[in-house]
Trainee: 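Have a look at this one before I ask anything.
If you read the sequence from its start, that first residue is 1, and numbering goes on from there. Predicted model, so just to flag it, every value in this text is computed and none were measured. Numbering of ligands and ligand atoms starts at 1, following listing order.
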Amino acid sequence: MATSSPIAIYFIALFVASSITSTMLAISVPPELTDNLHTDSGAIKLASIDYGRIIKEKPFAVLYPSSLDDIRTLINLSYSSSFPYTIAAKGQAHSTWGQAQANKGVVVQMSSLNSFRNGTGILISGDRSSGFYADVGGEQLWIDVLNATLARGLSPVSWTDYLYLTIGGTLSNAGISGQTYRKGPQITNVLELDVLTGKGEFVTCTSQKDTELFYAVLGGLGQFGIITRARIVLEPAKERVKWLRILYSDFSSFSTDQETLISTTGPSHKVMPDYLEGQLLMSQSPLDFYPQSQHQKITSLINQYGIVYLIEVATYYDNKNEDKRVKQMLKSLKGFVHGFVFEKDVTYLEFLNRVHDEEIVLRKKGLWDIPHPWLNIFIPRSRITDFDNGAFRNILLKRNFTSSTVLVYPLLRSKWDERMSAVIPDEEDVFYVVGFLDASADDWETFDNRNKDILQFCVNGGIKFKQYLGHHATKEEWINHFGSKWNTFQQSKSRFDPKMILSPGQRIFNN
Ligand code: FAD
């Protein structure tokens with residue numbers, strides 16, 4: 001290693017001052033790394049906030065890597081030190097509970113790898129017979145993958161609702177949306193990964209080679225290594241999308257019809273939508289999706305029932321026959337309110353990038369960079385009606401949380417891979433995603449307290465939920481979260497990140 005530069009000495013001094021006060025660290029940071037290590041207040045501030053804007057933990061330094069070797073050197077220095085420091089890969093920091101932060105550690109700003117890749121961050125290969133795939137840098141955004149693949153008439157198969165998220169960030173969670181019930185979460189559509197482990201080793205892993213690392217990293221909350229490349233499954237893309245919202249006045253009909261639509265064996269199997277989600281409509285819900293002329297009618301329905309449930313479906317198509325498929329799909333549904341089916345016809349890109357349109361509007365109103373006390377949970381199918389009564393009606397409606405954005409849609413266990421680290425409820429074939437996606441400039445605690453009441457309602461009622469993108473206060477809560485997967489998770493941590501360097505913001509091993 002080269003001798004330490006003034007920046008290196010500064011970095012070490014900061015570290016010493018904070019963690020071991022009297023001992024001098026025997027680490028010499030090579031100049032090529034220190035040039036990319038920033039300790040100025042601007043860099044520190046940026047690395048201490050996320051989309052949640054609730055947790056703000058300051059790192060000592062931020063690495064803007066100009067190569068994968070920069071990250072490897074950073075990890076090696078920590079791993080070989082008697083006083084290892086923590087390291088968090090930061091995608092876009094779209095986490096809501098500080099998961100990409102590193103208190104008194106180092107944050108790696110993954111987006112700076114873009115310059116190193118020099119436009120080669122997304123490489124498309126394959127053919128019709130063996131299948132297409134894209135090799136994508138862990139720092140890349142899904143929107144960029146979509147644009148690059150669409151240029152070749154191709155597309156990834158599984159998505160998140162919002163596309164300005166990174167490959168490494170969503171694969172560390174699961175990556176779910178309306179396509180998940182058919183195609184599985186994003187983590188099940190990955191063929192190969194390049195990972196830089198917590199020991200500073202580069203490993204290429206697949207379901208056949210270095211399998212323990214492969215399965216651990218997928219849904220692994222950044223605990224085992226930094227994903228530097230993922231090979232993503234592609235399929236031929238369709239050009240257009242029929243995008244429907246179908247309204248229900250009661251939960252039972254709504255969930256019955258949702259389950260009919262996702263059934264792989266039922267009569268509607270041939271007309272399964274490509275995308276299925278669901279939402280609550282309440283008195284303060286925005287109605288921008290619907291024509292202005294229909295607002296009065298929808299508002300009356302909401303006033304009558306308090307909560308209106310909507311199924312959101314999309315079918316992708318290239319030719320004009322799509323109307324027939326949509327009609328057949330609607331025929332398989334039993335309980336929607338007649339006259340309350342609304343349809344849009346948009347491009348594939350417009351549909352997948354729909355949340356970005358909302359982002360633009362919210363940014364203009366100053367409502368994007370504000371606290372987001374989000375709660376996402378998976379509820380077993382057998383208890384979803386109890387959840388409707390207890391959480392939607394008795395908590396949301398009674399306490400007048402009628403501006404909340406709430407997603408509700410079913411997923412199939414069979415589309416998940418048990419070997420991966422991601423956690424879903426035990427046993428049942430169908431479980432529901434419920435997302436409470438609130439934003440509040442001045443009173444996020446009220447929403448957070450309400451969310452705690454919702455979780456407590458589940459605990460009291462014996463509803464065996466699992467959190468998604470969640471945060472837990474203690475290690476015991478994490479052990480409970482992982483359930484039967486905990487032992488494997490812990491063993492993989494000892495194997496790939498024994499010094500517990502990586503992703504401390506998840507607070508699993510660094511509480
Ligand atoms: P970050 O928040 O930066 O990081 C998340 C975690 O992954 C951290 O622990 C970090 O250290 C680790 N990490 C980051 N990069 C890497 C890497 N390369 N290798 C290893 N670990 C890494 N999620 C869904 O599943 N479905 C949705 O529909 C959905 N919609 C969303 C909509 C919005 C508006 C927002 C803000 C988020 C949404 N999310 C959704 C959540 C999103 O998946 C998470 O925020 C996720 O963490 C991705 O964000 P990110 O890429 O900014 O990762």
Side-chain angles (χ1 to χ4, degrees), residues 46-47 49-53 55 59 65 68 71 75 86-102 105-111 113 121 136-143 158-180 185-187 193-198 213 216-230 275 277 352-359 362-363 367-370 372 374 376 378 405 407 409 411 421-422 433 435 437 439 468-471 496-497 501-508 510:
L46 259 182
I49 46 172
D50 60 20
Y51 186 71
R53 290 192 180 240
I55 310 283
L68 297 179
I71 310 178
I75 296 179
T86 57
I87 298 171
K90 175 186 155 196
Q92 291 291 304
H94 275 120
S95 297
T96 50
W97 292 101
Q99 289 97 329
Q101 296 174 19
V106 182
V107 166
V108 180
Q109 180 68 41
M110 294 297 285
S111 59
L113 286 173
V136 181
E139 75 291 346
Q140 297 291 317
L141 300 182
W142 283 98
I143 180 67
S158 182
W159 293 100
T160 47
D161 293 346
Y162 177 61
L163 306 185
Y164 290 73
L165 306 170
T166 65
I167 306 305
T170 71
L171 295 184
S172 296
N173 287 297
I176 56 170
S177 184
Q179 296 84 2
T180 306
Q186 289 179 327
I187 49 174
L193 293 171
D194 281 347
V195 176
L196 192 45
T197 70
L213 185 61
V217 164
L218 292 166
L221 306 176
Q223 295 305 303
F224 312 105
I226 296 184
I227 300 168
T228 57
R229 177 187 62 96
Y275 161 104
E277 287 198 4
L352 289 178
N353 202 20
R354 63 201 177 279
V355 176
H356 185 54
D357 295 339
E358 290 173 34
E359 175 184 359
L362 290 170
R363 277 191 188 280
L367 295 175
W368 184 257
D369 292 325
I370 60 173
H372 289 91
W374 282 10
N376 288 280
F378 295 152
T405 299
L407 305 185
Y409 58 95
L411 297 179
S421 295
V433 181
L437 310 180
Y468 177 58
L469 308 168
H471 67 124
F496 302 113
D497 182 22
I501 290 170
L502 298 173
S503 282
Q506 299 280 2
R507 294 197 177 81
I508 305 173
N510 308 73

Trainee: Starting from atom 45 (O) of ligand 1, which protein heavy atom do you reach first, and at what distance in Å?
Mentor: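 The answer is H94 O, 2.8 Å.
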Trainee: Compute whether any side-chain donor of one residue and acceptor of the other, for E277 and S177, lie under 3.5 angstrom apart.
Mentor: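 Side chains of E277 and S177: pair found under 3.5 Å.
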Trainee: Starting from atom 1 (P) of ligand 1, what is the nearest protein heavy atom, named by residue and atom, and what distance separates them?
Mentor: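 Looking at atom 1 (P) of ligand 1, the protein heavy atom closest to it is S95 OG, 3.7 Å.
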Trainee: Taking C-beta and beyond as the side chain, do V433 and L407 meet within less than 4.5 Å on heavy atoms?
Mentor: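 SC-SC contact between V433 and L407 ruled out.
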Trainee: Below 4.0 Å from ligand 1: does a non-hydrogen atom of G175 turn up there or not?
Mentor: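 Flag set, G175 near ligand 1.
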Trainee: Side chains of E359 and Y162: donor-acceptor distance under 3.5 Å anywhere?
Mentor: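 Yes.
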Trainee: Among all the protein's non-hydrogen atoms, which is closest to atom 31 (C) of ligand 1, and how far away is it?
Mentor: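 For this ligand atom, the closest protein heavy atom is Y162 CB, 3.9 Å.
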Trainee: Which atoms of ligand 1 are found less than 4.0 Å from any heavy atom of D161?
Mentor: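 Every atom of ligand 1 under 4.0 Å from some heavy atom of D161: 27 (C), 28 (O).
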Trainee: Which heavy atom of the protein is the closest neighbour of atom 8 (C) of ligand 1, given with residue, atom name and distance?
Mentor: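 Closest protein heavy atom to atom 8 (C) of ligand 1: Q99 O, 3.3 Å.
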Trainee: Measure the distance from atom 22 (C) of ligand 1 to every protein heavy atom, then report the residue, atom name and distance (to 0.1 Å) of the closest one.
Mentor: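 Checked against all protein heavy atoms, atom 22 (C) of ligand 1 sits closest to S172 OG, 3.6 Å.
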Trainee: Write out the residue and atom name of the closest protein heavy atom to atom 3 (O) of ligand 1, then the distance separating them to 0.1 Å.
Mentor: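 Residue, atom and distance for the closest contact: G91 N, 2.7 Å.
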Trainee: What atoms of ligand 1 come within less than 4.0 Å of a heavy atom belonging to G222?
Mentor: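 It comes down to these atoms of ligand 1: 21 (N).
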Trainee: Tell me: protein heavy atom nearest atom 53 (O) of ligand 1, and distance?
Mentor: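 Residue, atom and distance for the closest contact: G169 CA, 3.5 Å.
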Trainee: Starting from atom 26 (N) of ligand 1, which protein heavy atom do you reach first, and at what distance in Å?
Mentor: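 That would be I176 O, 2.7 Å.
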Trainee: Just to check, does S503 reach to within less than 4.0 Å of ligand 1 when the distance is taken from its heavy atoms?
Mentor: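 It does, in that a heavy atom of S503 comes within the 4.0 Å cut-off of ligand 1.
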Trainee: Give a yes/no verdict on whether any heavy atom in N173 is under 4.0 Å from an atom of ligand 1.
Mentor: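 Yes, N173 has a heavy atom closer than 4.0 Å to ligand 1.
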Trainee: Would you kindly say whether T170 and W142 are connected by a side-chain donor-acceptor distance under 3.5 Å?
Mentor: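 Judged by distance alone, the side chains do pair up.
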